[in-house]
Protein chains: 4
Amino acid sequence: MTELAELPATPGAARTQGRPRSSRAHEAILEAVLDLIEEGTTVEALSMEAIAARAGVGKATIYRRWAGKDELLLETLVKLKGPPTQPLGDSVRADLIRLLSVVGQKDQRAVRVMPCLMPEVSRSPEAYRIWQEAITEPRREVMREVLRRGVATGELRADLDIEVVVSMLISPLLLHRMVRWNPRLDEVDDLTEQIVDVVLQGVAA
Amino acid sequence: MTELAELPATPGAARTQGRPRSSRAHEAILEAVLDLIEEGTTVEALSMEAIAARAGVGKATIYRRWAGKDELLLETLVKLKGPPTQPLGDSVRADLIRLLSVVGQKDQRAVRVMPCLMPEVSRSPEAYRIWQEAITEPRREVMREVLRRGVATGELRADLDIEVVVSMLISPLLLHRMVRWNPRLDEVDDLTEQIVDVVLQGVAA
Amino acid sequence: MTELAELPATPGAARTQGRPRSSRAHEAILEAVLDLIEEGTTVEALSMEAIAARAGVGKATIYRRWAGKDELLLETLVKLKGPPTQPLGDSVRADLIRLLSVVGQKDQRAVRVMPCLMPEVSRSPEAYRIWQEAITEPRREVMREVLRRGVATGELRADLDIEVVVSMLISPLLLHRMVRWNPRLDEVDDLTEQIVDVVLQGVAA
Amino acid sequence: MTELAELPATPGAARTQGRPRSSRAHEAILEAVLDLIEEGTTVEALSMEAIAARAGVGKATIYRRWAGKDELLLETLVKLKGPPTQPLGDSVRADLIRLLSVVGQKDQRAVRVMPCLMPEVSRSPEAYRIWQEAITEPRREVMREVLRRGVATGELRADLDIEVVVSMLISPLLLHRMVRWNPRLDEVDDLTEQIVDVVLQGVAA
DNA sequence: TGGTAATCGAGACGGTACGTCACGTCTTTCG
DNA sequence: CGAAAGACGTGACGTACCGTCTCGATTACCA
């Protein structure tokens with residue numbers, strides 16, 4: 001899996017000589033982004049200049065590590081999300097509810113960042129790739145595993161299309177978190193359960 | 001329903017005196033936005049200056065009508081989407097498939113604009129309101145009607161939560177269009193049918 | 001002598017039909033300019049829009065009468081200066097002092113306007129012509145007459161160059177008023193007398 | 001003597017850190033102004049944008065050094081005038097003629113710039129101060145010295161007011177250059193000599 | 001231990017777009 | 001038809017960021 005690799009100092013050259021990059025600066029930058037987001041800074045006000053100033057860092061120090069704002073925000077989001085929640089292996093239903101209940105809920109700041117990345121992710125294949133590999137796929141894979149187990153135990157239909165079901169489970173919640181797709185859903189705190197139940201009923205063996 | 005009202009010339013004053021706003025300019029601006037999008041202009045290159053130049057219009061003429069780029073893009077999107085597709089009144093299944101098959105497909109330009117509005121829609125309550133009223137709600141309402149009919153005819157369970165089901169139907173397709181959420185779904189040209197079938201199975205009476 | 005003629009309503013057409021021009025508007029505009037100058041408005045802030053607003057007049061009403069801001073300011077200055085002071089016919093010395101003591105002193109607002117016209121007057125031959133005819137020449141002519149009388153009475157040398165002497169008398173005071181050329185001169189309230197005396201001594205018969 | 005000091009990067013802070021200001025840019029800007037003036041650009045067409053474009057410089061680079069167009073033009077004028085002409089120490093009359101014969105003649109571009117600065121110089125005390133210190137005073141001082149020498153040698157009256165005489169000598173020529181105060185004077189190529197002679201006659205011992 | 005080389009914070013650089021303002025003209029309605 | 005009102009296309013304003021480029025001053029490694 002291709003990583004959010006740092007830019008090489010000089011492409012193709014040994015990266016051992018000279019002063020090493022300061023990990024303090026690296027983290028100060030990511031922290032600065034999170035701080036600014038937390039303070040409610042709007043996207044256009046979330047400028048590289050503001051980030052550098054907040055981090056107490058020169059702008060070049062940022063550009064030495066990331067190719068642009070989108071890359072930086074993407075890595076911030078990855079850091080924010082962390083590894084996906086793991087299923088407990090109880091029932092398929094309980095595991096799905098467990099996995100879905102954290103979609104966009106763990107850290108409110110992630111909800112703030114995600115919509116800002118949509119323009120870039122929808123346009124740049126590279127941004128899309130990173131988004132997929134670092135954010136989407138790990139979570140889908142966990143969910144696929146739970147569904148495969150359901151098929152194996154005979155709980156779920158053998159011919160179900162796992163990708164479709166995964167999308168059906170995640171999409172409504174994700175969209176809801178991003179743009180409060182339907183505000184009336186806020187009153188339904190068992191929205192997750194309802195979705196799981198409808199889908200499970202629809203794909204029951 | 002509150003509209004995408006133009007900015008008043010002087011808030012609270014009668015808007016009858018003086019030269020009236022040119023509808024020619026108004027439309028030239030919206031056309032310019034669509035042209036630029038069609039030519040593949042990226043969002044950051046879709047500047048107010050470029051729009052004004054393309055429309056053969058002064059920048060002030062744009063700002064007289066819209067408060068900023070987001071408002072303008074939003075109205076462009078509203079114009080692009082037009083009124084929602086209407087159901088034919090055949091079976092519930094056929095109607096749902098008909099309604100869903102145009103989600104983000106009718107005009108490829110809309111797919112290009114929508115992700116760019118996510119940052120604004122997710123942040124500004126006003127942008128969100130317009131987005132809801134002009135884009136989302138009309139389409140959800142059509143779909144609600146189809147589902148209510150299904151309940152009335154006894155095809156669907158009487159206690160189903162219509163809002164949840166509508167979200168389950170639309171979200172996967174919309175997200176897919178916006179960020180190609182799962183590219184493997186591109187191979188599934190009957191994705192729409194699968195989703196409808198799973199949901200209908202899940203909420204059958 | 002060509003005048004600051006108003007622009008004809010329609011060149012070559014009878015100016016009898018339709019609503020006659022409002023003299024009220026004409027004066028309101030000139031008043032507005034003077035008001036704004038008096039309030040200390042800077043040149044760039046002395047915009048046509050501000051003048052029209054202050055006069056309670058449409059911009060077109062101004063442009064119907066003057067070709068541009070410079071023409072308007074020029075006429076304002078002409079109105080401000082009024083007819084030149086007349087000599088009393090006493091001694092040459094007393095008359096010159098009388099004429100010079102009002103250079104740029106009668107109305108403090110004129111001192112404010114004049115420097116603003118320098119760029120235009122120094123560049124546009126037309127503005128220069130009007131400036132000469134309406135402001136400069138009448139005053140120089142009065143002074144020439146006094147000097148000619150001095151020559152006739154034998155007080156002054158018969159071969160003096162009147163134009164040179166007139167310039168020598170007026171220039172120091174005018175420049176002093178416009179840019180306080182030498183602030184130390186402010187302490188010399190008999191500056192005018194000194195200048196007259198030096199010149200008279202220099203050109204005595 | 002206070003200078004046309006550049007704007008400090010951060011007022012009160014040490015100006016040693018960071019990339020130093022480019023002297024190349026500084027001079028390119030001044031050159032651009034002179035070029036544009038030379039080409040006959042009118043004042044209103046002498047925009048900051050045009051200057052920046054001609055100098056191959058960003059607008060911010062100009063605003064980092066000067067507070068506005070007037071400050072820039074003023075410094076351009078100072079550069080244009082250079083140090084004042086020095087007297088040769090011959091006779092008082094010859095020295096005065098020498099000094100006066102270059103008033104506004106050395107560089108035709110200076111004549112173009114000066115009237116444009118009148119509005120600013122007559123209004124802003126700061127612009128007036130710089131104008132005095134960098135343009136006016138050095139030239140007046142040279143002339144004062146010549147007059148003082150005349151008094152010392154007994155050529156001139158001991159009680160003459162040097163400031164008044166200096167103004168009488170310079171003003172007619174300066175005003176003539178700026179606004180061709182009296183075009184008939186163009187025919188008098190010995191205007192300078194006439195003025196000097198009248199004044200010397202008027203203040204002779 | 002002393003050079004070498006890349007990094008650091010800082011901030012200026014050439015650009016581009018922003019949103020505002022004024023220009024002088026044009027197009028309404030009202031008197 | 002002149003008036004006011006105010007929208008029109010134009011273009012400059014001064015500001016803010018972009019991503020790059022010097023600066024002098026720090027580090028680490030390697031000789």
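Values below: every heavy atom of this structure, side chains too, minus hydrogens, waters and symmetry copies.
When the P atom of dA16(F) is taken as reference, atom OH of Y63(D) falls 13 Å away, rounded to whole Å. As rounded to whole Å, 12 Å separates atom C1' of dA17(E) from atom CG of L46(B). When the C1' atom of dC8(F) is taken as reference, atom CD1 of I29(B) falls 11 Å away, rounded to whole Å. Residue L72(D) contributes atom CG, which lies 14 Å from atom C1' of dG14(F) at whole-angstrom precision. One can place CD1 of I62(A) at 14 Å from C1' of dG11(E), the figure rounded to the nearest angstrom. Distance, I51(D) CD1 to dC13(F) C1': 13 Å, rounded to whole Å. To the nearest angstrom, P of dG11(E) lies 19 Å from CE of M48(A). If you measure from atom CZ of R65(C) to atom C1' of dG24(E), you get 17 Å, rounded to the nearest angstrom.
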**Message:** Let's go through V113(A) and V33(A) carefully: what are the C-alpha distance in whole Å and the side-chain angles of both, what is the deciding distance for side-chain contact (heavy atoms from CB on, under 4.5 Å) to 0.1 Å, and is it a yes or a no?
**Reply:** CA-CA 10 Å; V113(A) 177; V33(A) 175; 5.9 Å; no
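The salt bridge (charged side-chain N to carboxylate O under 4.0 Å, His left out) test with R54(C) is passed by exactly one of E31(C), E49(C), E39(C): E39(C).
With hydrogens and angles ignored, no donor-acceptor pair under 3.5 angstrom links the side chain of R21(A) to the base of dT7(E). For R19(D) and dC21(F), a side-chain-to-base donor-acceptor distance below 3.5 Å is present, hydrogens and geometry of angles not being considered. Side chain K59(A) to base dG19(F): a donor-acceptor pair is found below 3.5 Å.
Note that CG of L34(C) and CG of L77(C) are 10.0 Å apart. Values are rounded to the nearest 0.5 Å.
Heavy-atom nearest nucleotides on DNA chain F were determined for G68(D) and for A45(A), and the one closer to the 5' end corresponds to G68(D). Residue E49(C) is the one, among E49(C) and A60(D), whose nearest nucleotide of DNA chain F lies closer to the 5' end (criterion: closest heavy atom). The 5' end of DNA chain E is approached more closely, in terms of each residue's nearest nucleotide, by A50(B) than by the other of S47(C) and A50(B).
When every heavy atom of Y63(B) is checked against every heavy atom of M48(B), the shortest pair comes out as OH-CG, 3.5 Å.
With no hydrogens or angles considered, no side-chain donor-acceptor pair links R21(B) and H26(B) at under 3.5 Å.
Residue-level contact check: G56(B) touches the backbone only, with heavy atoms under 4.0 Å from sugar-phosphate atoms and none from bases.
Here R64(B) reaches the OP1 or OP2 of dC8(F): one of its side-chain N or O atoms lies under 4.0 Å away. Contact annotation: T61(A) reaches the phosphate of dG9(E) (side-chain N/O to OP1 or OP2, under 4.0 Å). In terms of phosphate contacts, R24(D) brings no side-chain nitrogen or oxygen within less than 4.0 Å of OP1 or OP2 of dT22(F).
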